[in-house]
Amino acid sequence: MQFVDETSITVEAGRGGNGCLSFRREKFVPKGGPDGGDGGHGGSVYLIGDESLNTLIDFKFQRFYKAQNGQPGQGRQMSGKTGEDLHVKVPVGTTVIDEDTLEVIADVTSEGQVVLVAQGGRRGLGNIHFKSSTNRAPRRTTSGTDGERRKLRLEMKVMADVGLLGLPNAGKSTLIRAVSAAKPKVANYPFTTLVPNLGVVKLGPHEHFVMADVPGLIEGASDGAGLGLRFLKHLTRTRLLLHVVDAAPFDESDPVAAVDSIAGELARFSPTLAELPRWLVINKLDLVPEAEREARVADIVERLGWRGPVYRLSAIASEGTDTLVQAAHRWLTEQRQLEHEDETAAERERDMRARMEAESVARVEAHQARLRVKRGEVEDDLDDDDDDYDVEVEYTR
């Protein structure tokens, strides 16, 4: 199955039915008067959240969605039938954006959430509405109005409590395999993960959380390099970030530089995202001689000036993973309890989510504006980046 997390569609609501011009014609009733009925309202288009969907692949093949038109009115004061509404299912975690105004119409964040995206046209009135004492035989009606037509961009972000980030080949996929039933591809070369993967981490009855393995980021990701914008946006749905760093890189690169590089990309993409709680997870310690492990960890922490939690583990050997997931679960439970009891904390969380969404949309729009300049669609003096890619990519499992 292809993983598609961005696409564009066009939705059009139904047109309202026209009013009817009719007069009563019945035996022995020589002056029947007007009896034209009203038209029916046009159907509207709604999007509905569905947790059973995990990709926007269906919208790559069907781009146009139209609700039913209202039927015209008829004689004998009969109104036309209202057009049926169109309900389109989308994955939970989908952001709906109007491509013409760049307005964020809605965030579909829960199962069954219903979002109106195109309002149906109003019905026309029949001539029965226009009779009066001075106009006994009105020949006036009104026409139904057109339904709304919109071009929408759908962006899906995975819904997870904990997000894994780091450079390619840091061991993120190995970690999520070790703590959940998710089975992403694992190999000894970079960029083995091409799409986000979700895993449910179970600690006991009714105790679990969702972890997201986001493909590895590279320098320049916040400007679109390596399709980084597509990957970074998935982190905006998480509550806690686990920054996985390779303690013994095969290319002998500096782990401290790797952490600083990704932290910088987070801040450039969304300053609010960079403020999310972030724990340092030093992985692949099994590749470091046991006598040198603590010195290696202490050196990384000291040079980073790290003040947050630090976890040592070997994901491939499942060493230290239980401690990490237990701590993450406790932290998530405490946060949820705090937001449930303290409305101020809940409002602060909602405000942070709104700011992250706005910053994410602004960053993506700026990138797309640069691409339009490159294609010559608009004239602007924006700086072109050599690492911008004017391609549309679909990922295949």
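Since the model is a prediction, treat every value here as computed from it, not as a measurement.
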- prompt: If two hydrophobic side chains count as joined below 4.5 Å and joins carry through other members, does Val11 share a cluster with Val108?
  reply: yes

Check ion pair [X]-[Y] (N to O, under 4.0 angstrom):
X	Y	value
Asp254	Arg303	yes
Arg336	Glu339	no
Arg330	Glu334	no
Arg76	Asp35	no
Arg350	Glu343	yes
Lys284	Asp246	yes

Ignoring hydrogens and angles, tell me if any N or O in the side chain of [X] forms a donor-acceptor pair with the backbone of [Y] under 3.5 Å.
X	Y	result
Thr238	Ala160	no
His243	Leu280	no
Glu12	Ala118	no
Arg153	Glu6	no
Asp98	Leu152	no
Glu148	Gln119	yes
Asn69	Arg15	yes
Thr145	Arg122	yes
Ser261	Ala257	no
Gln326	Asp322	no

- prompt: Can you name the one residue among Leu47, Thr95, Ile97 that meets side chain to side chain contact (heavy atoms under 4.5 Å, CB included) with Leu154?
  reply: Leu47

Between [Y] and [X], is there a side-chain heavy-atom distance shorter than 4.5 Å?
X	Y	answer
Val90	Phe59	yes
Val45	Arg150	no
Ser22	Gln74	no
Thr236	Glu359	no
Asp213	Arg177	no
Asp161	Val201	no
Leu241	Leu266	yes
Leu21	Phe130	no

Can you tell me if [X] has over 12 outside heavy atoms packed within less than 6.0 Å of its [atom1]?
X	atom1	value
His129	NE2	yes
Ile316	CD1	no
Arg140	CZ	no

- request: Would you check, one step at a time, whether the test side-chain contact (heavy atoms from CB on, under 4.5 Å) holds for Ser180 with Val200?
  value: CA-CA 6 Å; Ser180 75; Val200 178; 5.7 Å; no

Working to the nearest 0.5 angstrom, can you tell me the gap between [X] [atom1] and [Y] [atom2]?
X	Y	atom1	atom2	value
Asp260	Glu265	CG	CD	11.5 Å
Gln71	Asn18	CD	CG	12.0 Å
Ser52	Lys89	OG	NZ	6.0 Å
His208	Lys202	NE2	NZ	8.0 Å
Glu349	Asp342	CD	CG	12.0 Å
Ile176	Lys172	CD1	NZ	11.0 Å

field: Ring geometry between Trp331 and Trp279 (parallel below 30°, tilted from 30 to 60°, perpendicular above 60°)
entry: perpendicular

Compare every heavy atom of [Y] with every heavy atom of [X], then report the nearest pair and how far apart it is.
X	Y	result
Leu53	Pro91	O-CB, 3.5 Å
Ser44	Asp85	N-OD1, 2.8 Å
Ala328	Phe209	CB-CZ, 4.1 Å
Val288	Ala248	CG2-CB, 4.1 Å
Asn127	Pro34	ND2-CB, 3.5 Å
Leu338	Ala345	CG-CB, 3.9 Å

task: Test Glu319 against Ser314 for side chain to side chain donor-acceptor pair (under 3.5 Å), laying out the working first.
output: CA-CA 5 Å; Glu319 296 176 1; Ser314 168; 4.8 Å; no

query: Do Asp107 and Thr109 pass the side chain to side chain donor-acceptor pair (under 3.5 Å) test, and can you show the C-alpha distance, the side-chain angles, and the key distance before you say yes or no?
result: CA-CA 6 Å; Asp107 252 346; Thr109 57; over 6 Å; no

- prompt: Could you go step by step and tell me if Leu324 and Val281 meet the side-chain contact (heavy atoms from CB on, under 4.5 Å) rule?
  reply: CA-CA 9 Å; Leu324 174 62; Val281 178; 4.2 Å; yes

task: Step by step, work out the salt bridge (Lys or Arg N to Asp or Glu O under 4.0 Å) result for Arg293 and Glu290.
output: CA-CA 5 Å; Arg293 291 178 186 176; Glu290 189 170 354; 5.2 Å; no

message: side-chain contact (heavy atoms from CB on, under 4.5 Å), that's the test. Do Ile300 and Val310 meet it? Break it down for me.
response: CA-CA 10 Å; Ile300 294 173; Val310 180; over 6 Å; no

Ser270 vs Arg355, side chain to side chain donor-acceptor pair (under 3.5 Å): CA-CA, chis, key distance, verdict: CA-CA 9 Å; Ser270 168; Arg355 283 188 285 119; over 6 Å; no

task: Carefully, step by step, assess Val162 and Leu332 under the rule side-chain contact (heavy atoms from CB on, under 4.5 Å).
output: CA-CA 9 Å; Val162 176; Leu332 291 168; 3.9 Å; yes

